[in-house]
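Keep in mind that what you see is a predicted model, and the values were worked out from it rather than measured.
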Number of protein chains: 2
Amino acid sequence: MSQAYDVYNDRCPTRMVLDRIADKWAVLILDRLQDGPVRFNHLRRDIHGISQKVLSQTLKKIERDGLVSRTVYATVPVTVEYALTPLGRTLTETVRTLAHWAEKNMDAVLAAQQAYDAATAPPR
Amino acid sequence: MSQAYDVYNDRCPTRMVLDRIADKWAVLILDRLQDGPVRFNHLRRDIHGISQKVLSQTLKKIERDGLVSRTVYATVPVTVEYALTPLGRTLTETVRTLAHWAEKNMDAVLAAQQAYDAATAPPR
DNA sequence: CTGGATCCCAGCCGATACTG
DNA sequence: CAGTATCGGCTGGGATCCAG
């Protein structure tokens, strides 16, 4: 990884970014925005399992990071669109390689889990 | 991303893997193991801020996923070495691209945050 | 429609003590 | 050395109600 920073210590940029990447909901939102701007409630519906509170918080966080933009339209009622910024787009492209890994190695992980459980769980 | 799976719904492999990647400590451990096997207390010392409990839990989790192997040596006192499995190694290589993104775009994120804070926080 | 404000509980995580 | 066990505090996040 990087020799320049001490990844295992605090105050390391990689660790900082890791804290953001490590947000499952943020990644899911970023991914959902890849095909264009989406409105708040639309995100809420699409991303199954996210609460309105967490959605709101997460959006604010990634907006602060400059990963998404927030555009308000003075319609009645008001409309708000969230969209990927160029910076956000570079991140989703990077994250996509993770998704590829996931799909490719899912079976191996599942198999490992079953083997592990079979070897440890059987108190009988 | 993947058309075959609904990333935004539960029971999706990508989402499953995301739960693991989203574990900051797991990623840090995996990364630390890249240069070869490491013993428990050594990991504990190197990864600043992790508690023994969380280290133990996380190791067990990623061992179950088949990402690391656990080898016990019958020395006195006992020695345990954790090492990356081939599967784990492919994952760290993928994650490394994330680290590259982090280092490359850290400044942009930092700047975005400051701009955001300056635009929203200054009630004065 | 887009959130903010509250209440509240489950789970997480640190600290500590103990075992093989 | 390498953990497990237990307790307890803190907070993240769900549910609900309300506002612009």
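- Nearest approach of A/Ile47 to A/Arg32, heavy atoms of both residues: CD1-CB, 4.4 Å.
- Separating the CZ atom of A/Arg45 from the P atom of C/dC1 is a distance of 7 Å, rounded to the nearest angstrom.
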Exercise. What string of B, S and - do you get for nucleotides 15-20 of chain D 5' to 3' if you count protein non-hydrogen atoms under 4.0 Å?
Worked result: B----B
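- Taking the side chain as every heavy atom from C-beta outward, A/Tyr82 and A/Ile29 never approach each other to under 4.5 Å.
- The nearest whole Å value for the distance from the CH2 atom in B/Trp25 to the C1' atom in C/dC13 is 10 Å.
- Distance NZ (B/Lys60) to C1' (D/dG3): 8 Å, rounded to an integer number of Å.
- Rounded to an integer number of Å, the gap from CD of B/Glu63 to P of D/dG3 is 9 Å.
- Between the C1' atom of C/dC13 and the CG atom of B/Leu55 lies a distance of 13 Å, rounded to the nearest Å.
- Side-chain proximity of A/Asn41 to D/dT4, C/dT2, D/dG3: nearest is C/dT2.
- Checking D/dG3, C/dC1, D/dG14 against every side-chain atom of A/Arg39, the shortest atom distance belongs to C/dC1.
- Of all the residues in residues 64-76 of chain B, not one reaches under 4.0 Å from DNA chain C with any non-hydrogen atom.
- Among residues two or more places apart in sequence or in another chain, the salt bridge (charged side-chain N to carboxylate O under 4.0 Å, His left out) test is passed with B/Arg44 by none.
- Note that the CG atom of B/Leu55 and the CZ atom of B/Phe40 stand 4.0 Å from one another [nearest 0.5 Å].
- A/Ile50 places its CD1 atom 10 Å from the P atom of D/dG13, with the value rounded to the nearest Å.
- Side-chain atoms of A/Thr97 do not come within 3.5 Å of backbone N or O of A/Glu93 as any donor-acceptor pair.
- B/Val72 and B/Val68 fall within a single hydrophobic cluster, where Ile, Leu, Val, Met, Phe, Trp and Tyr are joined by side-chain heavy atoms under 4.5 Å apart, directly or via other members.
- Put simply, the side chain of A/Thr85 gets close to the backbone of A/Gly66: a donor and an acceptor are under 3.5 Å apart.
- Atom pair B/Asp23:CG and C/dC12:C1' shows a separation of 12 Å (rounding to whole Å applied).
- In this structure, NZ on A/Lys104 lies 10.5 Å from CG on B/Leu87, to the nearest 0.5 angstrom.
- Note on A/Tyr82: every side-chain N or O is 4.0 Å or more away from OP1 and OP2 of C/dC1.
- Computed from coordinates, the A/Ile47 CD1 to D/dG14 C1' distance equals 17 Å when rounded to whole Å.
- Remark: the backbone N or O of A/Leu67 is not paired with any side-chain donor or acceptor of A/Asp65 at under 3.5 angstrom.
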